[in-house]
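Numbering of ligands and ligand atoms starts at 1, following listing order. We're numbering straight along the sequence, starting at 1.
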Amino acid sequence: MIPEQIEHLGIAVPSIAEALPYYENVLGMTCYKTEEVADQKVKTAFLKVGEVKIELLEPTSPESTIAKFIEKNGGRGGMHHIAYKVSNIEEKLAEVEAKGAALIDKTPRPGADGMTIAFLHPKSTAGVLTEFCEKK
Ligand code: ZN
């Protein structure tokens, strides 16, 4: 399979409000969308660099996997996952699973920004939490 492009980079932050001035004022990027994904207990904010998005993820509950990630990271945010754009996501998941990747999501689910998403486990992806996304 060859992913079509990097769709976005997911970055965990304790607070979107505190992180945005860096992206907007220092780097001069523009946040074009914020969205709460209740399912994943996160608030998201999106910025764009060319065709690639930066997805800021702020936990909305201590139970959120993002909250746990930040806690492990000493209370700071950090690079959380890389997301590849694919087509026929179900087919691509079956293909990488057959080649030894461990799937966190056997079945794709709705994600932020109108995407259908699924995660691969970092134990099988050279240490980087990996997301596939497809615009359905
Ligand atoms: Zn993502």
Would you check if the Zn ion (ligand 1) lies under 2.8 Å from any N, O or S atom of [X]?
X   : value
H8  : yes
H81 : yes
E7  : no

| request: Report the angle formed at the Zn ion (ligand 1) by atom OE1 of E55 and atom OE1 of E131, rounding to the nearest 10°. | output: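 OE1 of E55 and OE1 of E131 make an angle of 170° at the Zn ion (ligand 1), to the nearest 10°.
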
Using a 4.5 Å cut-off on heavy atoms from C-beta on, say whether the side chain of [Y] contacts that of [X].
X    : Y    : result
M115 : K85  : no
Y84  : L120 : no
Y23  : V13  : no

| field | Stepwise side-chain contact (heavy atoms from CB on, under 4.5 Å) test for H81 and E55 | value | CA-CA 10 Å; H81 64 271; E55 177 187 53; 3.1 Å; yes

